[in-house]
There are 2 protein chains.
Amino acid sequence: MRKPFRVAQFESREEAIIEATNRLLATRGYELMSMDDIAAEVGIAKGSLYKHFESKEALAGAVMVRLLRRTRLALEAQPAHLDARAHLEALLRWTLRERLAGGVPHLPSASQSLRDSLLANHDYMDELMTLSESIGTLIQKAKADGGLRADLRDEFVLYTFYARSCDPTLDFLKAAGSMSDDEIVDQMVSACFRGLAG
Amino acid sequence: MRKPFRVAQFESREEAIIEATNRLLATRGYELMSMDDIAAEVGIAKGSLYKHFESKEALAGAVMVRLLRRTRLALEAQPAHLDARAHLEALLRWTLRERLAGGVPHLPSASQSLRDSLLANHDYMDELMTLSESIGTLIQKAKADGGLRADLRDEFVLYTFYARSCDPTLDFLKAAGSMSDDEIVDQMVSACFRGLAG
DNA sequence: GTCTATACTGAGATAGAC
DNA sequence: GTCTATCTCAGTATAGAC
């Protein structure tokens with residue numbers, strides 16, 4: 001049975017809200033994005049936002065959940081024949097390309113209250129755990145077959161991986177404008193895995 | 001001729017304000033630090049802050065100038081016999097240790113208005129240029145003598161270096177608590193120069 | 001110059017009509 | 001459910017007494 005028209009419309013509006021918030025988070029970041037901005041971007045009244053999401057933090061959480069889900073799907077869609085290290089490299093490439101394309105929300109450290117609300121957000125934490133476990137497994141495999149250095153702690157590698165995904169170097173280079181997108185991605189991935197040393 | 005007592009007192013209060021702001025920036029970050037917080041930390045009235053600094057942004061700028069100056073002095077104080085690459089490594093170590101000690105302000109991307117005000121702040125830009133030139137020279141030297149990869153662009157290396165100085169990986173690992181400070185610094189420096197790959 | 005008190009603004013959230 | 005209008009509150013900045 002098809003969804004009633006009314007319900008479908010409600011859901012599509014909700015999707016539009018998330019999409020608009022995603023755009024604003026990607027350009028301005030959390031603090032500089034106001035609920036007024038979102039409402040204007042979607043083309044609805046500010047008060048209506050609160051019928052869909054109970055707070056600005058909840059809205060940002062929904063956007064982050066979507067990002068984590070897309071990341072997980074991107075990982076699952078990778079060719080099965082790759083070895084663990086190649087999976088990690090490809091995932092990092094995917095993330096950096098997404099950022100260069102401009103679609104990734106930008107919550108580097110953001111506010112404390114936002115972090116707290118994310119920690120309390122079950123959907124978010126579930127997605128984060130799932131993704132972290134997948135990546136953690138890849139890290140262990142890659143270490144076992146010599147693709148990654150065994151002397152680095154697993155958690156160090158995991159956090160480093162996340163940090164490279166939101167590395168401001170990409171934004172600086174993009175803003176400077178003297179390197180092509182491909183070159184930026186290549187150098188960042190290369191520097192991450194092979195280092196800066198000669 | 002000695003400074004008049006009154007002037008000395010004024011300057012020491014100003015130093016106290018900068019010091020307090022530094023602490024607050026290091027713990028809460030720019031957005032979450034209010035002028036009320038600063039006044040309370042120093043133990044003076046909020047209005048009095050504006051006799052010393054014309055705005056919150058100017059105050060943050062003064063703190064950043066002090067940080068850049070200290071960084072430059074740390075670089076200049078390094079033993080002269082080091083080669084270029086060792087200088088870079090030592091500087092990164094110094095920065096990470098400072099952050100672990102808790103004294104470094106934390107303006108990852110911060111607000112747009114703050115960035116604009118920093119760009120318009122001559123003292124800040126001067127210090128930043130001076131430091132960037134010193135580091136740039138080291139990068140070129142290190143490339144020339146084989147200490148750094150020659151296939152990476154100078155600007156890429158410079159930005160990467162700055163990015164590693166405020167890498168959130170350090171905060172994650174510190175918060176997780178499972179690695180000692182020394183181990184955190186060692187792995188971060190090692191990963192920066194030698195990479196993650198096995 | 002420092003204090004207390006306050007004006008002004010922006011932004012998150014809510015109320016009530018339709 | 002959506003709209004308009006409004007509340008509330010925090011935070012920057014300023015005024016005026018001392």
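Just so it is clear: chains get the letters A, B, ... in the order the sequence lines come, proteins before strands, and each one is counted from 1.
Here the C1' atom of nucleotide D:dG1 and the CD atom of A:Glu11 are 15 Å apart, to the nearest Å. Atoms CD1 (B:Ile38) and C1' (D:dA10) sit 15 Å apart, rounded to a whole Å.
The distance from the OG1 atom of B:Thr21 to the CG atom of B:Leu49 is 7.5 Å, given to the nearest 0.5 Å.
Looking at B:Ser48 and B:Arg13, their side chains never bring a donor and an acceptor atom within 3.5 Å of each other. A donor-acceptor pair shorter than 3.5 Å cannot be found between the side chains of A:Tyr124 and A:Ser117.
Between A:Asp83 and A:Lys141, none of the side-chain N atoms (NZ, or NE/NH1/NH2) sits under 4.0 Å from a carboxylate O, so this pair counts as no salt bridge. Between A:Lys143 and A:Asp151, no side-chain nitrogen of the basic residue sits less than 4.0 Å from a carboxylate oxygen of the acidic one, so the salt-bridge criterion is not met. With respect to B:Arg97 and B:Asp181, no salt bridge is recorded, no charged nitrogen being found less than 4.0 Å from a carboxylate O. Ion pair B:Asp167/B:Arg164 flagged as a salt bridge, since at least one NZ, NE, NH1 or NH2 atom sits closer than 4.0 Å to an Asp/Glu carboxylate oxygen.
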What's touching nucleotides 11-18 of chain C from the protein side, N or O pairs under 3.5 Å?
residue: C:dG12; atom: OP1; partner: A:Lys56; partner atom: NZ; Å: 2.8
residue: C:dG12; atom: OP2; partner: A:Met35; partner atom: N; Å: 2.7
residue: C:dG12; atom: N7; partner: A:Lys46; partner atom: NZ; Å: 3.2
residue: C:dA13; atom: OP2; partner: A:Tyr50; partner atom: OH; Å: 2.9
residue: C:dA13; atom: OP2; partner: A:Lys56; partner atom: N; Å: 3.1
residue: C:dA13; atom: N6; partner: A:Lys46; partner atom: NZ; Å: 3.0

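Using a 4.0 Å cut-off, no side-chain N or O of B:Arg13 falls inside it from OP1 or OP2 of C:dG1. Between D:dT2 and A:His52, a contact under 4.0 Å exists linking OP1 or OP2 to a side-chain N or O.
With hydrogens and angles ignored, the 3.5 Å screen pairs a side-chain donor or acceptor of A:Gln187 with a backbone N or O of B:Arg153.
Considering only residues two or more places apart in sequence or on other chains, B:Asp145 meets the salt bridge (charged side-chain N to carboxylate O under 4.0 Å, His left out) condition with none of them. Qualifying salt bridge (charged side-chain N to carboxylate O under 4.0 Å, His left out) partners for B:Glu54, counting only residues two or more places apart in sequence or in other chains: none. B:Arg194 meets the salt bridge (charged side-chain N to carboxylate O under 4.0 Å, His left out) test with no other residue; sequence neighbours excluded.
Only at 4.0 angstrom or more do the heavy atoms of residues 14-23 of chain A sit from any atom of DNA chain C, so none qualifies. Within a heavy-atom distance below 4.0 Å of DNA chain D, no residue of residues 58-67 of chain A is found.
Taking only side-chain atoms of B:Ala45, from C-beta outward, the nucleotide of C:dC3, D:dG1, C:dT2 with the closest atom is C:dC3.
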